[in-house]
Amino acid sequence: MKSEPDVFSIDDLERDGETHWDGVRNYQARSMMRDDMKVGDRVLFYPSNATPPGVAGVATVCKEGYPDFTAWDPEDKHFDPKTDPENPRWMMVDVAFEAKLPRFVPLEALRGNPALEGMALLRRGQRLSVQPVSREHFEEVLRMGGLA
DNA sequence: GCCAACGTTGGC
DNA sequence: GCCAACGTTGGC
């Protein structure tokens, strides 16, 4: 899962313990949070638009897909006037802090590791803020970061 | 700041 | 349903 560090960083997650992953307004990402993510699933926390971008830590899903109520709040940056509270369009999950990686793993290092070939994050033009990661790739990233 | 990639919108 | 215009993402 990607987050811009100016908006919400791994340190913010560590401080808060857990958070609503609100504000996602992309159907593919919405569907993954709604359909695929289960309590206990582990998440790589990726600061995007960072210098450098990369994987900073690990979180776990602690609440499964439910309506992103910020979509109905006209004051919210991600307000969507077209979503119907009776039939919510945007969903989110809650995630809990697990760990910071002892060593931050920059995007450049991910790209340089042949074991990560095929990872969705490394595809050209990949903009999805929520993406699947295979077990093998996940464990490889943890190894690179000095965990497990 | 640039720009490639890609999603969304809206006229037809 | 097509597709041009436009907006956003995000690495560099």
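The analysis underlying the following values was restricted to heavy atoms, covering all of them including side chains, and did not include hydrogens, waters or symmetry mates. By convention in this document, chain letters (A, B, ...) are assigned in the order of the sequence lines, proteins followed by strands, and residues within each chain are numbered from 1. Not measured: the values here are computed from a predicted model.
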Using whole Å, what does the distance between atom [atom2] of nucleotide [N] and atom [atom1] of [X] come to?
X	N	atom1	atom2	result
A:K77	C:dG7	NZ	C1'	13 Å
A:L122	C:dC12	CG	C1'	16 Å
A:K2	C:dG10	NZ	P	4 Å
A:R111	C:dG11	CZ	P	8 Å
A:R123	B:dC6	CZ	P	9 Å
A:Q131	C:dG10	CD	P	9 Å
A:L121	C:dG10	CG	P	10 Å
A:N49	C:dC12	CG	C1'	11 Å

| field | Per A:L107 side chain, nearest of listed nucleotides B:dT9, B:dC6, C:dC12 | value | C:dC12
| request: Side chain of A:R127 only, please: which of B:dC6, C:dG10, B:dT8 is the nearest? | output: B:dC6
| Sidechain N-carboxylate O distance under 4.0 Å for A:R143, A:E140 | yes
| Below 4.0 angstrom from OP1 or OP2 of C:dT9, is there any side-chain N or O of A:Y46? | no
| task | Check whether any side-chain N or O of A:Q126 sits under 4.0 Å from OP1 or OP2 of C:dG10, and answer yes or no. | result | no
| message | Under a plain distance cut-off of 3.5 Å, with no hydrogens placed, do A:S9 and A:D12 share a side-chain donor-acceptor pair? | response | yes
| task | Give a yes-or-no answer on whether the side chains of A:R127 and A:S48 include a donor-acceptor pair shorter than 3.5 Å. | result | no
| said: For A:W90 together with A:Y27, are the ring centres under 6.0 Å from each other? | reply: yes
